[in-house]
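Quick note on labels: first sequence line is chain A, next is B, and so on, each numbered from 1.
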Amino acid sequence: MKARLDFLLRATIDECFKKGVLKKAPLPDFVIEIPNNPAHGHFATNLPLALASSQHRSPREIATIIIDHIKDERGLLENSEVAGPGFINFLISAKEWYGILSDIVTRKGDYDRNRVRSGERVLVEFVSANPTGPLHLGHGRGAALGDTLCRVLSFCGYDVVREFYINDSGQQITILGESILNRFKQVNNPEYPFPENGYHGDYVLSLAKTISEEIDLEKLTEEEAIHVCTRKGKEILLEEIRQDLKRFRVAFDIWYSENELSSSGLLENTLEVLRGNGLLYEQDGALWIRTAGFGDDKDRVIRKRDGQFTYFASDISYHLEKHNRGFAKAIDIWGADHHGYIPRMKAALLSHGIPEDWLSVMLIQLVKLWKGGQEIKMSKRAGNFVTLQELLDEVGVDAARFVFLTKNHDSQLDFDIDLVKKQDSDNPVYYVQYAHARICSIFRKAGDAGISIPEKPDGLLNLLSLDEEMVLIRTMAEFPAILAEICKTLEPHRLTYYLTALASSFHRYFNLGTKIPEHRIITPEKGLSQARLTLAEGVRTVITNGLRLLGISAPQRM
RNA sequence: GCCCCCGUAGCUCAGGUGGAUAGAGCACCAGAUUCCUAAUCUGGGUGCCGCAUGUUCGAGUCAUGCCGGGGGCACCA
């Protein structure tokens with residue numbers, strides 16, 4: 001709708017230039033927006049204000065000229081008027097709004113599919129938890145965010161690949177193995193030393209049990225035993241991570257192993273290339289990469305004095321490999337504690353001529369956990385944390401996904417376990433789901449009464465005339481813009497806000513009927529009932545589509 | 001010291017590329033159910049939008065500085 005108005009306005013300005021009623025000048029930036037105040041119409045533009053300086057005329061004068069020259073042959077507009085310092089407020093004709101409703105109920109689940117981009121290849125990497133313990137709340141937030149973003153991007157026509165990068169080599173994986181072996185040994189020998197920085201969680205003990213039942217650890221040398229514990233431990237944990245994510249309705253296309261990255265020789269190749277470009281040098285016995293020249297504040301070590309590569313080395317290699325796979329854009333979702341990592345990563349890419357905006361890094365701020373009015377410090381190593389699994393047991397997948405997306409990812413999220421547990425009926429997700437269930441119920445009643453939506457309801461829609469009905473249609477019409485915006489800003493939380501607003505408008509509309517029987521959806525007048533059912537069907541469609549993008553179920557009954 | 005995020009109603013937070021009178025949920029108070037699901041709805045808000053300066057027709061929004069809270073600044077992962 002906004003696009004049509006934009007088109008009409010630009011045509012009008014051209015016309016004004018041609019006729020000489022406005023001086024020819026480059027078209028300035030202007031906006032068409034939905035005003036906060038309903039008295040200001042359905043849409044408003046600041047175009048006259050933006051034109052004022054180049055025209056040397058008052059904005060109100062320009063606004064009048066524009067309005068006089070609008071050639072609205074299709075009858076898009078019902079009214080246009082000058083307002084305030086020089087805005088133009090537009091009222092769209094009812095017929096246009098009915099057209100949108102008709103479009104929604106015709107296209108159903110495909111309403112607004114593929115509007116933004118077609119086929120641009122995007123790689124989204126998220127969660128990427130180390131297989132050294134179960135997923136916790138922070139991973140849940142990243143999973144909900146990344147998955148919803150992927151669903152929206154894909155719905156809007158991007159060719160999306162979801163990837164989980166497995167940090168399955170390096171120091172911390174070995175420490176996992178040592179921790180497991182320790183728990184095994186301690187059963188008979190409580191004095192057996194626990195590794196420094198070892199993992200304390202209860203899951204380590206159960207891993208020790210599982211592994212020792214399968215393999216006789218006593219028969220192995222300590223080195224062999226650690227090796228076995230490491231390998232089996234990460235295997236089991238990775239499988240648990242997969243299961244947790246599956247339960248959370250998050251699916252990945254690719255599980256990318258760091259181990260394979262180095263064993264396949266990719267890391268070495270990358271180093272060769274870097275060396276060839278003169279980007280590497282030795283100092284103090286370590287190998288450094290020159291990132292300082294590319295926007296980082298200092299050079300970075302990629303191979304330590306002890307001969308081990310840093311994570312940065314494989315991360316560079318990994319990201320270059322992503323680029324080689326031909327993605328137009330890469331999105332990484334990282335914990336906020338990695339923010340210092342962004343400049344050096346981008347610098348490394350830039351040194352290969354990969355532009356800065358190829359990679360978007362979304363940082364998720366901390367999830368703070370509250371229980372019994374106290375903050376619980378989460379630490380995997382101290383074994384003190386609430387797992388995603390526990391959270392899902394408490395509040396369910398729907399509520400968890402929704403709550404994770406009620407705040408912008410770069411704001412901290414206070415997650416009060418007690419509150420969300422209690423929240424049963426106060427939880428906002430139920431509010432939206434209830435609107436859906438309620439509409440389903442109305443359709444069951446209508447079915448009992450022998451009323452259904454006709455094949456072509458278009459002719460009946462002009463029976464919709466209540467303010468509340470028109471508000472609903474206009475809100476539904478915003479859905480495409482919301483999705484487009486999420487693609488642009490990478491902020492899926494806008495969807496939860498939008499759905500809450502839509503559900504609210506519907507509940508309000510429904511309740512009109514409790515006071516005034518003529519305003520009920522099912523009335524003695526068949527045509528009117530059919531028109532209103534079409535409206536309800538539109539709302540149901542948009543809510544269903546929205547919830548599907550959030551990975552949340554749309555129940556028929558509650 | 002440097003970097004990132006945050007600061008909006010009692011609380012938790014939304015506030016498209018700057019627009020007209022800044023919003024929602026929770027909490028609190030008062031109401032609505034012979035009627036399509038009350039998990040709902042209606043009514044009730046005197047907010048230095050952290051402070052200051054700047055940019056301009058116009059700033060919660062942009063720029064700079066300061067104050068306050070959180071996080072990060074390793075040859076850790």
Is [X] touching bases, backbone alone, or none of the nucleic acid, heavy atoms closer than 4.0 Å?
{"X": "A/Arg300", "answer": "nothing"}
{"X": "A/Ser411", "answer": "sugar-phosphate"}
{"X": "A/Leu49", "answer": "base"}
{"X": "A/Gln308", "answer": "nothing"}
{"X": "A/Asp306", "answer": "nothing"}
{"X": "A/Asp410", "answer": "sugar-phosphate"}
{"X": "A/Ala501", "answer": "nothing"}

Please determine, for the side chain of A/Arg438, which listed nucleotide (B/U40, B/C75, B/G72) has the closest atom? B/U40
Does the ring of A/Phe87 lie flat against the base of B/A20, closer than 5.5 Å centre to centre with planes under 30°? yes
Verify whether the ring centers belonging to A/His493 and A/Phe404 lie closer than 6.0 Å. no
Donor-acceptor pairs under 3.5 Å, side chain of residues 279-287 of chain A to any protein atom, not counting sequence neighbours: which ones?
| from | atom 1 | to | atom 2 | distance (Å) |
| --- | --- | --- | --- | --- |
| A/Tyr281 | OH | A/Asp299 | OD2 | 2.7 |
| A/Glu282 | OE2 | A/Arg303 | NH2 | 3.4 |

Classify the side chain of A/Asn89 and the base of B/A20 as holding, or not holding, a donor-acceptor pair under 3.5 Å. yes
Of all of residues 505-512 of chain A, which get a heavy atom below 4.0 angstrom from RNA chain B, listed by number? A/His507, A/Arg508, A/Phe510, A/Asn511
Pairing string, 5' to 3', for RNA chain B - Watson-Crick or wobble contacts under 3.5 Å, brackets [ ] where pairs cross, | to another strand: (((((((..((((.....[...)))).(((((.......))))).....(((((..]....))))))))))))....
Closest-nucleotide ordering on RNA chain B, the 5'-leading residue of A/Ala83 and A/Lys488: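 Checking each residue's closest nucleotide, the 5'-ward one belongs to A/Lys488.
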